[in-house]
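Keep in mind it's a predicted model, so treat the numbers as computed, not measured.
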Amino acid sequence: MGLFLRVVAPELGRNNARILLLVLVSVLATGTGWTVRHMTGRILPIPDDIARFLLPFALAPTLATILLNARAGLAAGLWTSLVLACMAGGSLSMLLCGMVATGVSVVLMEGVRTRSKVTRRALMVGLAQVICVFGVVAADWETAEATRTIHQAAACLVGGLLSAAVALLALPFFEALFRITSDITLLELSDLGHPLLQRLALEAPGTYHHSLVVANLSSAAADAIGANSLLARVSAYFHDISKLTKPEFFSENQMRSENPHDELAPSMSSLIVKAHVKEGLSLALHYKLPRAVLEAIQEHHGTSLMSCFHHKAMAQMEFETEGMGSKRTLAPLNEGEFRYGGPKPSTRESAILCIADGVEAASRSLEKVTPANLDSLVRSIVQQRIDDGQLDEAPLSMIDLTRIRKALVFTLASMLHGRVPYPRYGDTGDQQATNGAGRGGPAGGTDAFSVARGGAAA
């Protein structure tokens with residue numbers, strides 16, 4: 001298995017934690033197989049030629065594929081198939097059955113996101129093994145028995161379900177031990193009923209809406225370059241949870257015209273805003289969010305400059321310098337005080353979140369939404385992140401950035417599309433015109449009814 005990984009997945013072979021994970025997955029699969037053989041041989045009265053088809057050939061490839069990738073699942077599955085075939089008396093037919101189960105498991109389990117899908121696809125793996133049973137029967141047709149063949153086919157299905165059950169039970173243990181976040185866990189976190197997201201919706205509704213829009217942008221951009229769109233979406237949901245502590249200090253939550261930053265020095269404002277990253281990490285740890293989401297929270301601003309407060313501080317310094325004339329020179333402004341603490345985005349998903357966060361905030365200031373204006377806006381944000389060095393540590397190519405830009409422009413254009421203006425309530429002429437137009441189709445009638453009811457649609 002080590003030699004196989006060295007050829008097809010060298011990055012796994014250089015990671016000791018991943019090697020240990022594959023070893024433990026293999027031990028779990030072989031241990032489960034030994035337990036099945038022991039129980040069927042001594043406790044359950046099942047003939048050996050049927051019991052060997054109960055072996056969990058799909059367990060190792062299922063777990064390794066969900067936790068790592070298809071290549072790791074293939075390596076673990078081929079190795080455990082050999083071991084389990086030896087447990088079954090060194091049968092070549094069982095080895096072939098295990099190899100088929102491995103191949104089908106790797107194909108079906110890659111990208112699986114729900115526990116129910118794991119179970120259903122494990123049944124499909126069992127069906128693939130049933131085909132192997134029929135192949136063995138065809139090779140020895142003269143001595144085959146219909147009853148035994150049916151029992152062997154049923155044992156294949158039970159073995160597939162056993163593999164799924166053990167894999168789902170062991171999955172949380174492996175995720176916690178090796179700090180891996182599977183798509184199954186991410187999908188559970190994407191539920192907007194999560195307590196932290198519910199708090200965000202009630203206590204910081206502007207930030208909640210901002211997070212939803214950034215999630216849609218990030219997911220579309222991740223799909224465009226083949227990154228993990230589910231991780232990008234979940235990270236976007238939780239990236240600004242820190243604003244729960246001081247929601248009024250962030251513009252999207254300011255329902256009144258007063259801005260608390262107007263009464264503060266720029267350096268103090270920058271400290272408050274900069275602290276929201278650490279406060280977000282504290283909240284995420286309290287709610288036991290996975291490591292991948294913690295990293296996204298920490299990296300989504302990188303070491304970028306808080307330009308608003310920096311410009312305000314520069315203006316104040318120029319004003320003070322002009323007031324003192326040539327008598328005294330002030331110390332130069334330290335730009336580092338107005339930068340986030342980092343680190344810079346280190347994954348494709350964090351880099352996408354960094355870009356989408358800026359794009360969503362900047363899109364609010366557009367006076368006229370057109371494809372050309374949106375493209376210019378997204379280009380400027382991406383170029384700004386590149387020039388500032390925020391994407392230096394992210395594994396993104398220029399082609400990736402182009403695809404991300406196009407996906408963001410398309411998604412923004414879909415979100416910010418124009419609408420036909422509704423007639424104002426009380427305008428009889430317009431309302432009658434709307435009623436007249438509505439007689440030809442259901443849409444007009446519905447709009448007129450909504451206007452007549454008090455402008456509910458608007």
Using the test ring pair (Phe, Tyr, Trp, His ring centres under 6.0 Å), find all partners of F238 that sit at least two apart in sequence or belong to another chain. H194
Are any of the side-chain nitrogens in R52 or D48 under 4.0 Å away from the carboxylate oxygens of its partner? no
Would you say R71's side chain and A9's backbone share a donor-acceptor pair under 3.5 angstrom? no
Reported CE-to-CG distance for the pair M415 and L408, which is rounded to 0.5 angstrom: 9.5 Å
Under 3.5 Å, side chain of Q390 to main-chain N/O of T303, donor-acceptor pair present? yes
Please answer whether the main-chain N or O of L187 pairs with a side-chain N or O of S190 as donor and acceptor at a distance below 3.5 Å. yes
May I have the step-by-step check of side-chain contact (heavy atoms from CB on, under 4.5 Å) for V125 and F57, ending in yes or no? CA-CA 9 Å; V125 174; F57 288 106; over 6 Å; no
Report the distance from atom OG1 of T185 to atom CZ of R115, rounding to the nearest 0.5 Å. 6.5 Å
Set of residues satisfying ring pair (Phe, Tyr, Trp, His ring centres under 6.0 Å) with respect to Y237, sequence neighbours excluded: none
Assess whether atom CE of M87 is packed by more than 12 heavy atoms of other residues, nucleotides or ligands within 6.0 Å. yes
Between D400 and R348 (salt bridge meaning N to carboxylate O under 4.0 Å), is one present in this structure? no
Do Q298 side-chain atoms and L281 backbone N/O form a donor-acceptor pair below 3.5 Å? no
Tell me yes or no: between the side chains of T62 and S163, is some donor less than 3.5 Å from an acceptor? no
Would you indicate whether Y287, at its atom OH, is surrounded by more than 12 heavy atoms from other residues, nucleotides or ligands within a distance under 6.0 Å? yes
Give the minimum heavy-atom separation between R6 and P10, together with the two atoms involved. O-CB, 3.9 Å
By the definition ring pair (Phe, Tyr, Trp, His ring centres under 6.0 Å), identify the one residue from H276, H301, H210 that meets it with H239. H210
For L202, look at atom CG and say whether over 12 heavy atoms of other residues, nucleotides or ligands are found less than 6.0 Å away. yes
Should K246 and E279 count as an ion pair when the cut-off is N to O under 4.0 Å? yes
Identify the two heavy atoms, one from A296 and one from S350, that lie closest to each other, and give their separation to 0.1 Å. CA-OG, 3.7 Å
Short question: side chain of K243, backbone of Y208 - any donor-acceptor pair under 3.5 Å? no
Distance, nearest 0.5 Å, that separates CD1 of I352 from OG of S218: 7.0 Å
Is it true that R339 and D388 have a side-chain N and a carboxylate O under 4.0 angstrom from each other? yes
Can you check whether G342's main-chain N or O pairs, donor with acceptor, with E299's side chain at less than 3.5 Å? no
